[in-house]
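Report on the following structure.
For this chain, numbers begin at 1 and follow the sequence in order. Just follow the structure's listing: the first ligand is 1, and inside any ligand the first atom is 1.
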Amino acid sequence: MRLKDKIAVITGAGAGIGRAAACLFAREGAKVVCADLNEETTRSVVAEIFAAGDEAHFVHTNAADSDSVAALVAETAHRYGRVDVFYANAGIVPGGTVTECSEDEWDRAMAINARSVFLACKHVIPVMQAGGGGSIVCTSSVAGLVGVKNRAVYSASKMAVIGLVKSVALDYIQDGIRINAICPGTVDTPSLQGRLHAMGDYETALAQFIARQPMGRIGKADEIAALALYLASDESGYMTGTYLVIDGGLSL
Ligand SMILES: NC(=O)c1ccc[n+]([C@@H]2O[C@H](COP(=O)([O-])OP(=O)(O)OC[C@H]3O[C@@H](n4cnc5c(N)ncnc54)[C@H](O)[C@@H]3O)[C@@H](O)[C@H]2O)c1
């Protein structure tokens, strides 16, 4: 087992990529703290993990709120004694150009996508230092590397994640703390399904998304979770401050 007896926190664990990662990390031996705003969906993830004979725990969390993230880390440390892995995954995908987006939409996207990573690091690093190290994994996006039409605010928030990852890596490298980002392309999750339905004609919208994919298909949440597992585990022990693109060739 690749995360045997590790304590792993995952934000946005109630759906999509976070849900897939929670189930996979638990199968690989981790005790998984599932943090999310949505209690109903996330409790169902915890129940699924228990039904498989593994261990998980739900903590209601707003990943964009400092007190909430501090409480998440404190509860995890109190319950399990340490935190080995923090997967800062929660995020939203606002659309639109800068003239279409409001200042409130900018603030919300920066809070949920970028401040959340800052807060994860801020609160978990002292606990990881006390425990002798750890691995922080963040979900950025290919939009965090290249410009994307109608995704200006999203792209800015995900590029901020890459900047944090690089600098935080250097600041805590001597503490045995690693931090890396994942840059997925288009992945089939409730978030993507919501965007497809919002475009009106679902089948046409789906066909348009697939037509943009060099591989001729959209990514699966399980495929992103497999990469998160690698970065969370000791197998990636020589990697820090970097990002891995997993996009079926979309950004080439
Ligand atoms: N799906 C894609 O195509 C895609 C591509 C690239 C990057 N990403 C990124 O992957 C991550 C996960 O995306 P997904 O598609 O699985 O999303 P999703 O919407 O399917 O699931 C996200 C989960 O995060 C939770 N969440 C939202 N805001 C939160 C907050 N403030 N605090 C705690 N939990 C919160 C939601 O309740 C939900 O359970 C996001 O950071 C997203 O930007 C997704």
Side-chain angles (χ1 to χ4, degrees), residues 9-24 33-46 48 58-73 86-95 107-120 123 137-146 148 151 153-162 164-165 181-198 205-206 209-210 212-213 215 217-225 227-228 243-248 250-251:
V9 177
I10 303 177
T11 66
I17 293 168
R19 179 183 190 117
C23 295
L24 180 60
V33 176
C34 297
D36 202 293
L37 274 176
N38 190 324
E39 176 157 1
E40 189 185 340
T41 57
T42 314
R43 284 204 186 277
S44 83
V45 177
V46 169
E48 187 180 328
F58 168 69
V59 180
H60 186 266
T61 306
N62 179 357
D65 179 83
S66 188
D67 290 346
S68 185
V69 178
L72 165 68
V73 171
F86 195 116
Y87 183 13
N89 164 75
I92 55 167
V93 187
D107 288 344
R108 184 161 183 267
M110 292 306 286
I112 300 176
N113 292 352
R115 188 169 70 203
S116 62
V117 175
F118 161 71
L119 293 174
H123 294 301
V137 183
C138 314
T139 310
S140 177
S141 168
V142 287
L145 303 173
V146 300
V148 179
R151 290 280 183 274
V153 171
Y154 180 64
S155 182
S157 69
K158 291 298 188 179
M159 286 191 184
V161 172
I162 303 290
L164 270 169
V165 160
I182 296 173
C183 296
T186 310
V187 186
D188 191 5
T189 65
S191 158
L192 179 73
Q193 289 296 328
R195 276 176 278 142
L196 288 170
H197 283 290
L206 180 61
F209 266 86
I210 292 173
R212 290 209 307 258
Q213 309 293 323
M215 219 175 254
R217 70 169 177 89
I218 285 167
K220 299 172 192 158
D222 285 344
E223 293 171 318
I224 313 305
L227 183 51
Y243 55 83
L244 290 171
V245 177
I246 176 164
D247 70 346
L250 184 64
S251 61

| field | Non-neighbouring partners of Thr139 that pass side-chain contact (heavy atoms from CB on, under 4.5 Å), sequence neighbours left out | value |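 Partners of Thr139 by the side-chain contact (heavy atoms from CB on, under 4.5 Å) criterion, ordered by chain and then number, come out as Tyr87, Asn89, Pro184.
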| said: Test of understanding: with side-chain contact (heavy atoms from CB on, under 4.5 Å), list the residues that count as partners of Asp65, not counting sequence neighbours. | reply: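 Once residues adjacent in sequence are excluded, the partners of Asp65 under the side-chain contact (heavy atoms from CB on, under 4.5 Å) criterion are Asn62, Asp67, Ser68.
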| request: Collect the protein residues that have a non-hydrogen atom under 4.0 Å from ligand 1 and hand them over in chain and number order. | output: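 Within 4.0 Å of ligand 1, the protein residues are Gly12, Gly14, Ala15, Gly16, Ile17, Asp36, Leu37, Asn38, Thr61, Asn62, Ala63, Asn89, Ala90, Gly91, Ile112, Thr139, Ser140, Ser141, Tyr154, Lys158, Pro184, Gly185, Thr186, Val187, Thr189, Pro190, Ser191, Arg195.
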| field | Test salt bridge (Lys or Arg N to Asp or Glu O under 4.0 Å) applied to Arg195 - qualifying residues, sequence neighbours left out | value |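 Expected list: none.
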| said: Looking at Arg151, I want to see if its CZ is surrounded by more than 12 non-hydrogen atoms of other residues, nucleotides or ligands under 6.0 Å. | reply: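 Yes, enclosed.
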| message | Check this for me: Phe58, atom CZ, are more than 12 non-hydrogen atoms of other residues, nucleotides or ligands nearer than 6.0 Å? | response |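 Check passes, neighbour count above 12.
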| Shortest non-hydrogen contact between Cys138 and Val161, atoms and distance |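 Smallest interatomic distance, heavy atoms only, reads CB-CG1, 3.8 Å.
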